[in-house]
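Chain naming here is simple, since letters A, B, ... match the order of the sequence lines and numbering starts at 1 in each. The shown structure was predicted, so the numbers you read here are calculated from the model rather than taken from an experiment.
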There are 2 protein chains.
Amino acid sequence: MRSENGPGGQPDEGTGGPGSGKAAPEPERSLIEKVRRAQIIEAAIEVIAERGFAKASMAQIAQRAGVSKGVISYHFAGKNELIERTVEQVYEALGSFVQSRLAGQTGAAAWLRVYIGSIAAHMADHRSQLAALGEIFTHFRTDDGELRYGIASSEPLYAHVEDVFRAGQRSGELRAFDARVMAVSLQAAIDHMFAYWSTHPEHDLAAHARELVDLFWHATRAQHPDDDRADGGPDDHHPALS
Amino acid sequence: MRSENGPGGQPDEGTGGPGSGKAAPEPERSLIEKVRRAQIIEAAIEVIAERGFAKASMAQIAQRAGVSKGVISYHFAGKNELIERTVEQVYEALGSFVQSRLAGQTGAAAWLRVYIGSIAAHMADHRSQLAALGEIFTHFRTDDGELRYGIASSEPLYAHVEDVFRAGQRSGELRAFDARVMAVSLQAAIDHMFAYWSTHPEHDLAAHARELVDLFWHATRAQHPDDDRADGGPDDHHPALS
DNA sequence: CCATTTTCTGACCGCATGGCCAGAAATTTA
DNA sequence: TAAATTTCTGGCCATGCGGTCAGAAAATGG
């Protein structure tokens, strides 16, 4: 089934989530190969972000990249591989950034503040990547019709956030609540923060992120009737947005 | 530009949100007309929910409805009108249900409980409608490429929820926070509750909804250090989900 | 400098889409 | 019943899609 000429990609990469494979064999690539792949992925991000997934055809992406359509087929096994490599690249960049910011932080309060803040900070500098990711997650489907990156592929993320909440509950820092629902709702609030920002570019993303920290801190912290400002609450102001 | 035979619809309906038009002139329709339109809309909901917006072609919808493709073109001005009528129908059913449940409720605590609970209850009984709405909101675009029902069309909803929060703040029932961010986050949490439920059908939707009430009650209520269980908090249990 | 390999082009293929329409069928009206 | 109108069918069209291909162009290397 593979193209007979051209390097293509590794077509059968499996079913894991976006960053699921550190087991990628990474075949050697010539210089041109690496440059072209990066160039095409960048073009794909721009076109998807600007025109939406459905309108982001191979022809559009090729035109944006300044090459002919066949080049994409030459350097990638097909559109599916192009999209998957694009997701991997964006997702890994975000993940490693957040992880580096999170390193060394202890306690649920600090974790909340740094987690939300660093995601917002990184995405504020990568708007196209953000928009493209959103389009891909909601539109890209496998051959059998299921969303390629659906809720199911967020499972590792949910599980991790859930663990953080559970640890906070065990330590007494957080109240009793359903950690899975809280994790899903936190991701939801972050997602929609970006969606709202995308259509209201003048909206203050950093301030929104701080409000979100505040929201989830109030929602999760254990009750300390008196010292509600002495227990390391992550934030302390309520600026009026917009 | 209009079809020369057949009733079609009213093509130039404007740009308002889903339920924006109570000014719909509702032209007289024959019995067959009404039956066919309902039948086709129902088929559209099923196909979109099951196969996704992109795969929901006129041919697919016609086949599901048990009629030939041309019938849709005869009764609707085009695919766009079919989708818009579908959204209106689903959205208005939900809206009137929630509004009836909300009537007579006073206080932010009761409002939160009834608002979240009634949306969840109604949607639990209309899974296909819910899935179809989600697909349409994220995929359906106007001719110029913009999402037909984007964040912008949720503005009236956001504004209303915002008002409820502001009233609660003025009455002293709720703490100081950014009402817009809270409104966006509440809608986000509700949206994702359904998304999560869609891919985890065994998930307990009602319990999730109760957790959400709890979450936003803790996030928004004013601090009453001692009587945090005596001030009419909407919910009082933390069942472990899943 | 020429042979070999890598890279690229632009035309082409089969397919699915939304919309269109001539005419058939069914229903209503006179 | 006969004419008029409404409703329906199924095939057709132009368009755009992802993917393929023969051969041109460029890079490589002996």
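When the side-chain contact (heavy atoms from CB on, under 4.5 Å) test is applied to B:Ala59, the partners found at least two apart in sequence or on another chain are B:Ser57, B:Lys69. In this structure, the salt bridge (Lys or Arg N to Asp or Glu O under 4.0 Å) partners of A:Glu46, at least two apart in sequence or on a different chain, are A:Arg64. Residues that satisfy the side-chain contact (heavy atoms from CB on, under 4.5 Å) test with A:Ala206, not counting sequence neighbours, are A:Asp204, A:Arg210.
Rounded to whole Å, atom C1' of C:dC21 lies 17 Å from atom CD1 of B:Ile72. Rounded to whole Å, the distance from NZ on B:Lys79 to C1' on D:dT15 is 15 Å. As rounded to whole Å, 16 Å separates atom P of D:dA27 from atom CD of A:Glu33. B:Arg36 places its CZ atom 8 Å from the C1' atom of D:dT7, with the value rounded to the nearest Å. Atom NZ in A:Lys34 sits about 12 Å away from atom P in C:dT7, given to the nearest Å. Atom CZ of B:Phe76 is separated from atom P of D:dT7 by 13 Å (rounded to the nearest Å). Here D:dG19 presents its C1' atom at 14 Å from CG of A:Leu82, a figure rounded to the nearest Å.
In this structure, B:Gln39 contributes its side chain and B:Ala65 its backbone to a donor-acceptor pair below 3.5 Å.
Contact annotation: A:His75 side-chain N/O to C:dC8 OP1/OP2 distance is under 4.0 Å. Phosphate contact (OP1/OP2 of C:dC8, side-chain N/O of A:Tyr74, threshold under 4.0 Å): absent.
Side-chain contact between A:Asp143 and A:Asn80 is present, with at least one heavy-atom pair separated by less than 4.5 Å.
Ring geometry, A:Tyr196 versus B:Tyr158: the interplanar angle exceeds 60°, so the pair is classed perpendicular (tilted spans 30 to 60°).
A:Arg180 and B:Glu211 are not joined by a salt bridge, as no carboxylate oxygen comes within less than 4.0 angstrom of a charged side-chain nitrogen.
For the side chain to side chain donor-acceptor pair (under 3.5 Å) criterion with A:His75, the lone passing option out of A:Arg85, A:Arg36, A:Glu33, A:Arg37 is A:Glu33.
Applying the ring-ring contact (aromatic ring centres under 6.0 Å, His included) test to pairs two or more places apart or on separate chains, those with a residue in residues 35-73 of chain B are B:Phe53-B:Phe140.
For DNA chain D, the residues of residues 40-70 of chain B within the heavy-atom distance limit of 4.0 Å (strictly under) are B:Val67, B:Ser68, B:Lys69, B:Gly70, sorted by number.
Axis angle between the ends of the helix from C:dC1-D:dG30 to C:dA30-D:dT1, five pairs each and rounded to 10 degrees, works out to 0°.
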